[in-house]
Amino acid sequence: MKTLNVAVIGAGPAGIYASDILSKSKLDVSIDLFERLPAPYGLVRYGVAPDHPRIKAIIDALYNTLKRGDIHFYGNINIGSDVTLDELREYYDAIIIATGADADADLNIPGVDLPESYGAADFVSWYDGHPDYPRTWPLQAKEIAVFGVGNVALDVARVLAKHAEDMMVTEIPDNVAEGLKNNPVTDVHVFGRRGPAQVKFTPMELRELGHVPDVDIIVYPEDFDYDVASEKAIEDSKMTKQVVDQLTNWVFQEPEELTASRRIHIHMLQQPVEILGDEHVEGVRMERMALQGDGSVKGTGEMIDYPVQAVYRAIGYASSPIDGAPFDGKKKVVPNVAGRVMRGEEIITGLYATGWIKRGPVGLIGSTKSDARETIDCIVEDAEAGLLAAKGSGNGFEGLRVLLDERSTRYTTWQGWELLEAFEKELGAQRGRTRVKVVERETMTAVSRGEDHDGKLY
Ligand SMILES: Cc1cc2nc3c(=O)[nH]c(=O)nc-3n(C[C@H](O)[C@H](O)[C@H](O)COP(=O)(O)OP(=O)(O)OC[C@H]3O[C@@H](n4cnc5c(N)ncnc54)[C@H](O)[C@@H]3O)c2cc1C
């Protein structure tokens, strides 16, 4: 059997794990990993908060996988615009879509389009130095609402509430460091629509909030309600119990313990119904919710207004479609069965999906590994059944390179990433930090390609 040429689109954890598992399968394969940015690692680099170095260290494991050299990284190539999916199919016998998620889920309430109503994904992309997002962020609000009770909501609340000097040990870019210094915030209100037994925080991330210097955590006794399903959830899940215990501990804080200059308030059983204000955000209107016995909630009609000057919506991420691939606009995933991409009822032979684009934007980095295994099992099965063949020459990057050169696409390589990484570490050393990220795409590209550049960092 000839060597199978496989293209993987997206160098986030899902794409890297899928490439790794495929490279260790019984197939004779050549794997090319395409990434639209000059940097690999997806949301581990551009989503995980910069003050979570332990999670960022997953990058070391991903680095070791790519460093081996049997998976070929090509950066700064957007599949869909630089090269179409159809073109890719000319050169590759199988294609895995691992493009993850980069946008915010919609929230349809009045006032959501006011200028200070922000999506968490945009804010995260700013503080993590994503090259395709604005370089400045308007941190002007003293009181802020964050909608959502998952770890992303906690990240957003923590980064907003933390004093800038407590972020400086991390890899944040210079423009973000500068932006955070002038943050006038005093109170961040995090809102969840269900009860303490239903919040989606993980215990470690919640506990961490309690250790942020000069930030108090405040919870409200009236938000602590439990129905039958809540009691059962606490009994059945150690994690739920730990989360509820942590939240409950904060109820018993003495007033004299609360001396910090900034506060994170965690409110539960409240759902946003309107963002208030004519031209600017002036407040949020929340409806008190009641548990229904099965863990679900229903509005009580009681409204509570909070004065805030900015709103961050952390109610979930959403994937974007790839030109030429089917997309379920409702679920925001590429429709698939166990990783085999479907158009209607038909399987598209040779096209696969993995990671957040496959099953939606939930789950930690680790879960993209089991996901990838399922997808690769399908590829192995299809290859062994003799189903996989490119539409054209099938000669992988050898053929594609000609097309990229014709279009003067300034793609980058693994060696290029090593150059950029060394450049970022050198910047960090100059500032007494491990690394300082380069945000400017042109500089990222030029450094990676060994070209002249003006050193613009953001
Ligand atoms: C704010 C935030 C914080 C998180 N924190 C944690 C945490 O602390 N711990 C944890 O375990 N998990 C965390 N997660 C979850 C974790 O990031 C995801 O589980 C994981 O990144 C999903 O992997 P993925 O590869 O499917 O998607 P992604 O990480 O999104 O990777 C997709 C890659 O595809 C690329 N791409 C997209 N479109 C194209 C295209 N057209 N052409 C070429 N390339 C393309 C993107 O640039 C990206 O590099 C967090 C997620 C978010 C959003």
Side-chain angles (χ1 to χ4, degrees), residues 7-19 32-59 61-62 73-85 88 95-105 119-128 130-133 148 150-159 200-202 204-205 208 312 314-325 327 333-334 339 353-372 375 409 411 441:
V8 181
I9 312 173
I16 299 176
Y17 286 139
S19 302
D32 294 337
L33 177 60
F34 295 100
E35 170 56 52
R36 67 180 166 184
L37 299 174
Y41 311 133
L43 284 169
V44 191
R45 181 171 158 102
Y46 292 115
V48 171
D51 58 345
H52 274 175
R54 198 181 51 81
I55 309 290
K56 292 272 187 198
I58 291 175
I59 283 181
L62 300 175
F73 171 81
Y74 297 107
N76 211 29
I77 301 177
N78 192 318
I79 304 300
S81 56
D82 291 319
V83 176
T84 67
L85 192 59
L88 211 57
I95 294 172
I96 305 174
I97 303 174
T99 47
D102 56 359
D104 284 290
D122 291 343
F123 180 55
V124 167
S125 296
W126 171 71
Y127 70 57
D128 257 340
H130 193 297
D132 299 343
Y133 288 77
N151 284 342
V152 176
L154 283 191
D155 283 348
V156 166
R158 195 182 65 253
V159 172
K200 299 277 180 242
F201 309 135
T202 47
M204 203 168 71
E205 275 67 25
E208 178 193 359
Y312 289 72
I315 55 163
Y317 266 52
S319 297
S320 306
I322 295 281
D323 267 359
F327 191 70
V333 294
V334 167
T354 196
W356 274 16
I357 191 77
K358 172 185 176 185
R359 67 182 150 80
V362 282
L364 296 175
I365 296 161
S367 46
T368 61
K369 204 180 229 173
S370 37
D371 221 38
T375 297
T409 308
Y411 64 88
R441 188 190 266 267

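Note that this is a predicted model, so its numbers are computed, not measured. Throughout, numbering of the chain's residues begins at 1 and tracks the sequence. Ligands are counted one by one from 1 in listed order, and the atoms in each one are counted from 1 as well. The analysis underlying the following values was restricted to heavy atoms, covering all of them including side chains, and did not include hydrogens, waters or symmetry mates.
Shown here, atom 14 (N) of ligand 1 is out of close reach of the protein: none of its heavy atoms lies under 4.0 Å off. At a distance under 4.0 Å, a protein heavy atom can be found next to atom 33 (C) of ligand 1.
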I'd like to know whether Val124 forms a side-chain contact (heavy atoms from CB on, under 4.5 Å) with Tyr317, so could you lay out the CA-CA distance, the side-chain angles of the two residues, the decisive distance to 0.1 Å, and finally the verdict. CA-CA 11 Å; Val124 167; Tyr317 266 52; 3.7 Å; yes

Between Ile16 and Tyr41, is a side-chain contact (heavy atoms from CB on, under 4.5 Å) present by the stated rule, with each step listed? CA-CA 8 Å; Ile16 299 176; Tyr41 311 133; 3.9 Å; yes

side-chain contact (heavy atoms from CB on, under 4.5 Å) between Leu43 and Trp356, worked out: CA-CA 11 Å; Leu43 284 169; Trp356 274 16; 3.6 Å; yes

Test side-chain contact (heavy atoms from CB on, under 4.5 Å) on Leu88 and Phe34; report intermediate values, then the result. CA-CA 11 Å; Leu88 211 57; Phe34 295 100; 4.2 Å; yes

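Considering all non-hydrogen atoms of both residues, Pro38 and Arg441 come closest at CD-NH1, 4.2 Å. Taking both residues in full, the closest heavy atoms of Gly339 and Thr375 are given as CA-OG1, 3.7 Å, listed atom of the first, atom of the second, then distance. Across Val333 and Arg359, no two heavy atoms sit closer than the pair CG1-C, 3.9 Å. Residue Ala372 comes nearest to Ala14 through the heavy atom pair CB-O, 4.3 Å, listed as atom of the first residue, atom of the second, then distance. Nearest heavy atoms, Pro40 versus Arg45: O-CD, 3.9 Å. The shortest non-hydrogen separation linking Asp128 to Pro50 is OD1-CD, 3.5 Å.
Remark: ligand 1 atoms within the under-4.0 Å shell around heavy atoms of Gly355 are 26 (O). Atom numbering of ligand 1 starts at 1 in the shown order; those under 4.0 Å from a heavy atom of Ile55 are 7 (C), 8 (O), 9 (N). Remark: ligand 1 atoms within the under-4.0 Å shell around heavy atoms of Gly47 are 1 (C), 2 (C), 3 (C). Ligand 1 places these atoms under 4.0 Å from at least one heavy atom of Ala98: 32 (C), 33 (C), 34 (O). Every atom of ligand 1 is numbered from 1 in the order shown, and the set under 4.0 Å from a heavy atom of Ile9 is 42 (N), 43 (C). Against a heavy-atom cut-off of under 4.0 Å, Gly42 is close to the following atoms of ligand 1: 29 (O), 31 (O), 48 (C), 49 (O). Distances below 4.0 Å separate heavy atoms of Thr368 from the following atoms of ligand 1: 22 (C), 23 (O). With ligand atoms numbered from 1 in the order given, ligand 1 contributes 40 (C), 41 (N), 42 (N) to contacts under 4.0 Å with heavy atoms of Asn78.
Given atom 5 (N) of ligand 1, the protein heavy atom at minimum distance is Val48 CG2, 3.6 Å. In terms of protein heavy-atom proximity, atom 31 (O) of ligand 1 is closest to Gly12 CA, 3.4 Å. With respect to atom 42 (N) of ligand 1, the closest heavy atom belonging to the protein is Ile79 N, 3.1 Å. When hydrogens are left out, the protein atom nearest atom 23 (O) of ligand 1 is Pro13 CG, 3.5 Å; that is the closest non-hydrogen contact. The closest protein non-hydrogen atom to atom 19 (O) of ligand 1 is Gly363 O, 3.0 Å.
Relative orientation of the Phe123 and Tyr127 rings is perpendicular, given thresholds of 30° and 60° on the angle between their planes. The aromatic rings of His130 and Tyr46 sit tilted relative to each other, their planes meeting at an angle between 30° and 60°.
By the 3.5 Å distance cut-off applied to N or O atoms, Trp356 is counted among the residues near ligand 1. Checked by distance only, ligand 1 and Ala14 come closer than 3.5 Å through their nitrogen or oxygen atoms. Inclusion of Gly366 in the set of residues having an N or O under 3.5 Å from an N or O of ligand 1 is not warranted. When only interatomic distances are considered, the shortest N/O to N/O separation between Ile357 and ligand 1 does not fall below 3.5 Å. The shortest N/O to N/O separation between Arg36 and ligand 1 falls below 3.5 Å. Residue Glu35 places at least one N or O, backbone or side chain, under 3.5 Å from an N or O of ligand 1.
Under 4.0 Å from ligand 1, the heavy atoms of Tyr317 that appear belong solely to its side chain. Contacts of Asn151 with ligand 1, taken as heavy-atom pairs under 4.0 Å, are absent altogether. Within the 4.0 Å heavy-atom criterion, neither part of Ile58 lies near ligand 1. Using a 4.0 Å cut-off between heavy atoms, Ala101 contacts ligand 1 through its backbone alone, with no side-chain atom that close. For Val152, every heavy-atom contact with ligand 1 shorter than 4.0 Å involves the side chain, none the backbone.
Contact of the Phe201 side chain with the Asn151 side chain is registered, since non-hydrogen atoms from C-beta on lie closer than 4.5 Å. A heavy-atom distance below 4.5 Å is found between the side chains of Leu62 and Tyr17.
Side chain of Asp104 to backbone of Ala120: a donor-acceptor contact under 3.5 angstrom is found.
For atom 39 (C) of ligand 1, the choice among Val159, Leu43, Thr99 with the nearest heavy atom turns out to be Thr99.
Remark: Asp132 CG is packed, more than 12 non-hydrogen atoms of other residues, nucleotides or ligands lying under 6.0 Å away.
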